[in-house]
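Indexing begins at 1, ligand by ligand and atom by atom, following the structure's order.
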Amino acid sequence: MPAHLLKGQKALVTGANSGIGKATAIALGRAGADVVVNYVVGADEAAKVVAEIEGFGVRSYAHEADVSKDDQVSVMVSRMVDEFGTIDIMVANAGLQRDAAVTEMTLAQWQKVIDVNLTGQFLCAREAVKEFLRRGVVPEVSRAAGKIICMSSVHQIVPWSGHVNYASSKGGVGMLMQTLAQELAPKKIRVNSVAPGAIRTPINKDAWETPDAEADLLKLIPYGRVGDPDDIANAVVAMASDLLDYVVGATLYVDGGMTLFPGFATGG
Ligand code: BGC
């Protein structure tokens, strides 16, 4: 990835103190962007991410906010405009799982996942778009007036037994993204999703941390390896850059082929 691909751009990554968000924030900084590292718990880890990003000679700070809270999201974005002058790239990444069989799933488990994974992306996108529209295109910075990248999942299209809250939230992210893309493209705002498969992060540790679990997981991944956070981070950098300026309303699956129905390679 060219080092100066995002030079002069201002990015915010939600849930940036661990997993995919952390790798993405660091990759954006390496590509030359100034980066706000959002987190909700885990200030120490967020501070380490900030220090690593500052090592690239760009600006960064950590900001605590719960993405599912309207007031906290608007304060987060207005502080960014105060400190960095504007926002060019919003990576709506923060997400969580609260797994249970449907008969065991509480309304609280359902609601928490929808609030963070879906409503959180709506609030973050809305606040970023207000600033994109205020500022408009600055051709020296980017051909677009702003970029929103929604962190989706293969479960945007792959049903997932025992995870109805999570799969529903990601299905919703797909339509949130496409509708915003349609609404905002005439304003030169690009909205797209990156949809990871199984990536080695804390969210799915049970699925890869023992050799048996990993062997089971690999049956679902034609490409034969569990993904790394950098696989996703690199996709986000590309999606945010002008290299992909004509990509509008797309979901980029970064999943080692997980969405290719691998069971059908020998069956059917
Ligand atoms: C989930 C992971 C899961 C992966 C593939 C992700 O969206 O968060 O827990 O391993 O999808 O199923």
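When the side-chain hydrogen bond (donor to acceptor under 3.5 Å, both in side chains) test is applied to Q178, no partner is found at least two apart in sequence or on another chain.
With salt bridges taken as basic N to acidic carboxylate O contacts below 4.0 Å, none links D231 and R200. Salt-bridge annotation for D115 and K112: absent, with no side-chain N of the basic residue lying under 4.0 Å from a carboxylate O of the acidic one. Look at R79 and D82 and you find no salt bridge, because none of the NZ, NE, NH1 or NH2 atoms lies under 4.0 Å from a carboxylate O. In this structure, R143 pairs ionically with D245, as a charged nitrogen and a carboxylate oxygen lie closer than 4.0 Å.
Here is the list of ligand 1 atoms found below 4.0 Å of a heavy atom in S153: 6 (C), 7 (O), 11 (O). With ligand atoms numbered from 1 in the order given, ligand 1 contributes 8 (O) to contacts under 4.0 Å with heavy atoms of I203.
Of the candidates L217, N204, I221, L96, N204 brings a heavy atom nearest to atom 10 (O) of ligand 1.
F84 and Y61 have perpendicular rings, their planes meeting at more than 60° on a 0 to 90° scale where under 30° would count as parallel.
For K170, no heavy-atom contact with ligand 1 is shorter than 4.0 Å.
Identified under the side-chain hydrogen bond (donor to acceptor under 3.5 Å, both in side chains) test for residues 13-26, with sequence neighbours left out: K22-E45.
Counting only heavy atoms of the protein, atom 5 (C) of ligand 1 lies nearest to H155 NE2, 3.5 Å. Of all protein heavy atoms, the one closest to atom 4 (C) of ligand 1 is G197 O, 3.6 Å. When only non-hydrogen protein atoms are considered, atom 6 (C) of ligand 1 lies nearest to Y166 OH, 3.6 Å. With respect to atom 2 (C) of ligand 1, the closest heavy atom belonging to the protein is Q97 OE1, 3.4 Å.
In this structure, A207 does not count as a contact residue of ligand 1, since none of its heavy atoms falls inside 4.0 Å of the ligand.
Annotation: W160 places no N or O atom under 3.5 Å from an N or O atom of ligand 1; distance criterion only.
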